[in-house]
Amino acid sequence: MVPNISRSMMAGALRVKPPAWLLAGCAFLACAPASAQSLGNPPPASATVAIPAGQPLPATIDPQSTGAVAGTDLSPALDEDFNRLNRREETIDGLRRRIDPDDGQAPGIRIGTFVLKPALSETFNHERQKNGGSSQSRSFVETGLKGSLTSDWSRHQLSVTGEGVIQDNISGEGQEEPRADIDAELRLDLGAQTIARLRAGYSFEREDANDPNAIANADSQSGVDSYRLGAAVERDLGLIRGSLGVDFERRTYGDVELDNGTTLSQEDRDRNLGTLTGRIGYELSPALIPFLEASVGKSIYDLRRDTFGFERSYGSYAGRAGMEVDLGEKLNGELALGYETFRFDDARLADLSGLSLDGRVNWSPHRGTDVLFSVLTYVDPSTTPGEAGSINYELTNVVTHQLRSTLVGRLSNSLTLRDFPSDATASDETTWRTGAGLTWDMSRYLALTGDVSYERTDRDEGTSTDTTRVGLGLTLRR
């Protein structure tokens, strides 16, 4: 039975319904443009945020191989690029990479706006050294702690990396070689075309017994502490790119423990070194930038004269020409060739001069394989009376290949050339190192490592030295 509805009530209902339908229609029309904007074509290039100067462009990502999905598949709360100025490069078709929680990498520990990634390793090693007709061997346990702390800010970036290693001999004879290294860099994005960098660092190492400045009858060589500070400004002026930087380093040497129970002071080797470097480059293309670089430096020893009465302080001057290359993750780096000279305050010490070759190149021939080439030129002042020192050239090559998703292999080679002046009593040296290793990720937090290495030092005059080492250990990551 249909209720009896009066004509006046029907009229009131009709008067209420039109505003309700009007409000619903407005809400629908208001939502439509937002939906079309999120699902339509990506914004034009002029609307995207520029990548800060000096930051390499990320490689192109294939959405079919990474499981990319539309950006609206994730809520804004899960979008890690939300409200960031230095956003990651988008894929070719504007799709967003799907976050893979099982990518095999330790996630790290979030501390506020920082991410800490520590790793603790324990390795059992055996080492055998042969010097001429004599040889000695030792077995030791090596404990290492390393990690990185990186900020996750919308602008600027602070990154800290560090590593420390201690050794404990459990059998045999040989010098323990502890070492430590920590570096921090603060990048300040002062503007779209200007970047400032502030750096600080510290390192410790035990001087190698095969070093030309090592003490012959020592049970333990000198410990070397190095303190570093630096600042640089980079400016992009259209096709012209320039930078100016200053670096300071203080190096101190500990006492040497002799085999007769006494110690020998090395304080006459303590020194401070300051260097001012300027560079100007021209952008032929975003991938090729030739540049010219000049530097001037001064090294001042704490003691004006060393134990033998020589003034070891010196000034350095260098000029280089080189090329920066940036082809994404496939090939990037720089290489420079120049001339460098070192002039000592003591007229009895001859100047050290020679060609300088410096650079670092990263090459990835295909996915899963990374190749590093680096070359470095530096001076090594001598402690021998009347000798200035040597100019050293160090070449390094490291190949890393992912054999399986959880198995990574490494091959490394390095060559160090010590070039003494022709009238020096010390003879030139060549040191060659080669090694291979495997890392098996049993889980994202635990890995099994194995390494083997060989080192040989040949001298123009004197005996050769051979060192062989094998090691097996575990690495715990977080």
Side-chain angles (χ1 to χ4, degrees), residues 54-60 146 148 159 161 163 179 181 183 185 197 199 201 203 205 208 232 234 241 243 245 247 277 279 281 283-293 295 318-340 354-380 390-403 408-419 428-439 451-458 469:
Q55 179 175 337
L57 294 175
T60 300
K146 67 178 180 179
S148 65
S159 60
T161 59
E163 180 179 9
R179 61 185 184 275
D181 188 86
D183 286 285
E185 180 180 274
R197 301 181 188 274
R199 298 182 296 270
S203 63
E205 64 179 351
D208 196 326
E234 304 171 6
R241 297 187 179 183
S243 66
D247 293 282
T277 304
R279 174 186 289 195
E283 183 179 322
L284 295 178
S285 71
L288 296 175
I289 303 177
F291 64 86
L292 296 175
E293 183 179 274
S295 65
R320 305 177 186 88
M323 178 74 73
E324 294 182 36
V325 179
D326 187 358
L327 300 177
E329 66 176 2
K330 284 298 181 183
L331 182 65
N332 62 78
E334 65 177 50
L335 190 63
L337 178 65
Y339 190 81
E340 195 165 5
L355 292 176
S356 67
L357 183 61
D358 299 272
R360 182 184 181 97
V361 177
N362 299 290
W363 175 45
S364 179
H366 54 81
R367 187 175 298 277
T369 301
D370 298 304
V371 183
L372 165 67
F373 298 96
S374 69
V375 58
L376 177 65
T377 303
Y378 60 97
V379 66
D380 186 13
S390 64
I391 296 181
N392 298 351
Y393 302 89
E394 185 175 313
L395 296 87
T396 304
N397 169 239
V398 179
V399 181
T400 304
H401 179 64
Q402 190 173 12
L403 302 172
V408 177
R410 298 178 305 278
L411 293 175
S412 61
N413 293 278
S414 68
L415 180 66
T416 301
L417 306 175
R418 296 182 181 270
D419 185 16
D428 294 347
E429 293 184 2
T430 302
T431 301
W432 174 62
R433 304 177 184 89
T434 184
L438 286 174
T439 298
D451 294 275
V452 58
S453 63
Y454 173 77
E455 176 181 329
R456 180 177 177 85
T457 300
D458 291 321
R469 177 183 294 182

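Treat the numbers as computed from the prediction; the structure is a model and nothing was measured.
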A.B. asks: Is there a side-chain contact between Thr277 and Glu293 (heavy atoms, below 4.5 Å)?
C.D. replies: yes
A.B. asks: Any salt bridge linking Asp181 with Arg179? Criterion: basic side-chain nitrogen under 4.0 Å from a carboxylate oxygen.
C.D. replies: no
A.B. asks: Do the side chains of Glu324 and Glu283 get nearer than 4.5 Å, heavy atoms only?
C.D. replies: no
A.B. asks: Could you walk me through whether Val408 and Thr400 satisfy the side chain to side chain contact (heavy atoms under 4.5 Å, CB included) test, starting with their C-alpha distance in whole Å, then the side-chain angles of each, then the deciding distance to 0.1 Å, before giving a yes or no?
C.D. replies: CA-CA 7 Å; Val408 177; Thr400 304; 3.5 Å; yes
A.B. asks: Is Arg320 salt-bridged to Asp358, going by a charged N under 4.0 Å from an acidic O?
C.D. replies: yes
A.B. asks: Looking at Glu334 and Arg360, does any basic side-chain N land under 4.0 Å from a carboxylate oxygen?
C.D. replies: no
A.B. asks: Is there side-chain contact between Val325 and Leu288, with heavy atoms separated by less than 4.5 Å?
C.D. replies: yes
A.B. asks: Please determine whether side chain to side chain contact (heavy atoms under 4.5 Å, CB included) holds for the pair Arg456 and Asp458, giving the CA-CA distance in whole Å, both sets of side-chain angles, and the decisive distance to 0.1 Å.
C.D. replies: CA-CA 7 Å; Arg456 180 177 177 85; Asp458 291 321; 3.0 Å; yes
A.B. asks: State, to 0.1 Å, how close Leu355 and Tyr393 come at their nearest heavy-atom pair, and which atoms those are.
C.D. replies: O-OH, 2.5 Å
A.B. asks: Ignoring hydrogens and geometry beyond distance, is a side-chain donor-acceptor pair present between Asn332 and Asn362 at under 3.5 Å?
C.D. replies: yes
A.B. asks: Please give me the minimum heavy-atom distance between Thr457 and Glu429, naming the atom from each residue.
C.D. replies: CG2-OE1, 4.1 Å
A.B. asks: Measure the shortest side-chain to side-chain distance between Ser364 and Val371 over non-hydrogen atoms and say whether it is less than 4.5 angstrom.
C.D. replies: no
A.B. asks: How close do Gly409 and Leu438 get, counting heavy atoms only, and between which atoms?
C.D. replies: CA-CD2, 3.7 Å
A.B. asks: Could you grab the distance from atom OG of Ser356 to atom CG of Leu337, nearest 0.5 Å is fine?
C.D. replies: 6.5 Å
A.B. asks: Would you give the length of the straight line joining atom OG1 of Thr377 to atom CG of Asn392, rounded to the nearest 0.5 angstrom?
C.D. replies: 9.0 Å
A.B. asks: With distance as the sole criterion, is a donor-acceptor pair present between the side chains of Asn413 and Thr434 under 3.5 Å?
C.D. replies: yes
A.B. asks: Answer yes or no: is there an ion pair linking Arg469 with Asp451, defined by an N-O contact shorter than 4.0 Å?
C.D. replies: no
A.B. asks: For Phe291 versus Met323, what's the shortest heavy-atom pair and its separation?
C.D. replies: CE2-N, 3.3 Å
A.B. asks: As an exercise, state the distance from CZ of Arg367 to NZ of Lys330, rounded to the nearest 0.5 Å.
C.D. replies: 7.0 Å
A.B. asks: What residues, two or more places apart in sequence or in another chain, satisfy side-chain hydrogen bond (donor to acceptor under 3.5 Å, both in side chains) together with Asp370?
C.D. replies: none
A.B. asks: Rounded at 0.5 Å granularity, tell me how far OG1 in Thr416 sits from CZ in Arg418.
C.D. replies: 7.5 Å
A.B. asks: Is a salt bridge present between Lys146 and Glu163, judged by a nitrogen-to-oxygen distance below 4.0 Å?
C.D. replies: no
A.B. asks: Once you measure the plane-to-plane angle for Trp363 and Phe373, does it fall in the parallel (<30°), tilted (30-60°) or perpendicular (>60°) bin?
C.D. replies: parallel
A.B. asks: Considering non-hydrogen atoms only, spot the tightest contact between Ser148 and Thr161 and give its length.
C.D. replies: CB-CG2, 4.1 Å
A.B. asks: Measure the spacing between CG of Leu395 and CG of Leu417 and express it to the nearest 0.5 Å.
C.D. replies: 6.5 Å
A.B. asks: How many angstroms lie between CG in Asp428 and CG in Asp419, if you round to the nearest 0.5 Å?
C.D. replies: 5.0 Å
A.B. asks: Can you tell whether the side chains of Arg197 and Glu234 come within less than 4.0 Å, N to carboxylate O?
C.D. replies: yes
A.B. asks: Name all residues meeting the side-chain hydrogen bond (donor to acceptor under 3.5 Å, both in side chains) criterion together with Glu455; count only those two or more places apart in sequence or in a different chain, and write none if there are none.
C.D. replies: Arg433
A.B. asks: If I compare all heavy atoms of Val375 with all of Leu357, which pair ends up nearest, and what's the gap?
C.D. replies: CG2-O, 3.4 Å
